[in-house]
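In this text, all values refer to a predicted model and were calculated from it rather than measured experimentally. Hydrogens, waters and symmetry mates play no part in the numbers below; they use all other heavy atoms, side chains included.
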Amino acid sequence: MVGVTCVFPIDLAKTRLQNQRSNERVYKNMMDCLIKTVRSEGYFGMYRGAAVNLTLVTPEKAIKLAANDFFRHQLSRGESKLNVFKEMLAGCGAGVCQVIITTPMEMLKIQLQDAGRLVAQRNLAVVPSPTGGGGTMLSCSYIRPVSAMQITQELLRTRGIQGLYQGLGATLMRDIPFSVVYFPLFSHLNQLGKPSETENAPFYWSFASGCAAGCTAAVAVSPCDVVKTRLQSLNKSSNEEIYSGVVDCVRKIIHKEGPSALMKGAGCRALVIAPLFGIAQVVYFIGVGEFILGQNPFNLYSA
């Protein structure tokens, strides 16, 4: 909970940077986005959608980590150690399982996070700076208050349960490769920190391994995250195009904004994911896995 709260403003900046078009730039970078958000929406403007994340991120991470352990355990029968292919296969299974929670969570969070950008884009104005020069100020005084519950009710009323799962294909396209990269990489990095075969890696090594693996996987799948964010954004300005699917979205982004647009927010995403997975892995290895699976997580794959 503390980790999510600390990095949430960075996640908000990532969403807004990914959604803004290259020809309608409101924010120059992460810091510019955060500064303008605080000036125009107040401090708590950086936490739009945080309640959704705080509510659902715990079950999401629990499903992801537990599913990976479950698939590793099933694939390791008769083997003392999993090969890389089976580790990737277990990660793939974990990625598929987590989208049950991830897709609706991301769907609601993106609507709340992006509302300020849309209003700021419409109300961008140039006003005199205190020093007498020109300056840019974002006015977001017309953001209509809306809650995650209101969005959920509207989606269920107009589109049914599938409304909450809009962008499911793009979410799978992001989360499966992420897990395929993350879990094997974490496993091998964490193995390097073990003093011996019979001893476990210290918690700080597990934390560092989780951070390094999370950062690498996050950057690797950033193009998929940009596509997912664009597809799940329901509200768009008048000049923003509508996408019919994943292929159409990729094609239009590359054609109108260039290939580099697919890496928008990559740095922000790495800064968000790295500490969250570092913390999650430490907590999980300390005892959550043991509680869920009823056995020592460090001896899970033996025999």
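Residues passing the side-chain contact (heavy atoms from CB on, under 4.5 Å) test with I100 are Y165, sequence neighbours excluded. Y43 pairs by the side-chain contact (heavy atoms from CB on, under 4.5 Å) definition with M46, Y47, not counting sequence neighbours. With sequence neighbours excluded, the residues satisfying side-chain contact (heavy atoms from CB on, under 4.5 Å) with L112 are V52, V146, A148, I151. The side-chain contact (heavy atoms from CB on, under 4.5 Å) test applied to R159 returns L155, Q166, L234, not counting sequence neighbours.
For residues 165-179, the set of pairs meeting the salt bridge (charged side-chain N to carboxylate O under 4.0 Å, His left out) definition, not counting sequence neighbours, comprises E106-R174, R174-D225.
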Go through the steps to decide whether S206 and N190 satisfy the test side chain to side chain donor-acceptor pair (under 3.5 Å), and finish with yes or no.
-> CA-CA 6 Å; S206 293; N190 198 55; 2.9 Å; yes
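Residues E87 and S187 come closest through the heavy atom pair OE2-OG, 3.4 Å.
Between the side chain of K252 and the backbone N or O of I242, at least one donor-acceptor pair lies under 3.5 Å.
A side-chain N or O of Q113 and one of D11 form a donor-acceptor pair less than 3.5 Å apart.
Salt bridge absent: D69 and R72 never bring a charged side-chain N and a carboxylate O closer than 4.0 Å. Residues E60 and K109 are not paired through a salt bridge, judged by the lack of any N-O separation under 4.0 Å between the basic side chain and the carboxylate. Salt-bridge check for E240 with R230: failed, with every basic side-chain N at 4.0 Å or more from each acidic carboxylate O.
Of the candidates K36, R117, R16, E41 forms a salt bridge (charged side-chain N to carboxylate O under 4.0 Å, His left out) with just one, namely R16.
Taking CE of M88 as the start and CG of L82 as the end, the distance is 13.0 Å to the nearest 0.5 Å. Taken to the nearest 0.5 Å, the SG atom of C97 stands 12.0 Å off from the CG atom of L65.
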Donor-acceptor pairs are to be reported for all side-chain atoms of residues 258-279 against protein atoms at under 3.5 Å, with residues two or more places apart or in another chain.
| unit_1 | atom_1 | unit_2 | atom_2 | d |
| --- | --- | --- | --- | --- |
| K264 | NZ | Q20 | O | 2.6 |
| K264 | NZ | E257 | OE1 | 2.9 |

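I176 and M107 fall within the same hydrophobic cluster, where Ile, Leu, Val, Met, Phe, Trp and Tyr residues are linked whenever their side-chain heavy atoms come under 4.5 Å apart, directly or through other members.
Under a cut-off of 6.0 angstrom, the local environment of CG in L156 is crowded, with over 12 non-hydrogen atoms contributed by other residues, nucleotides or ligands.
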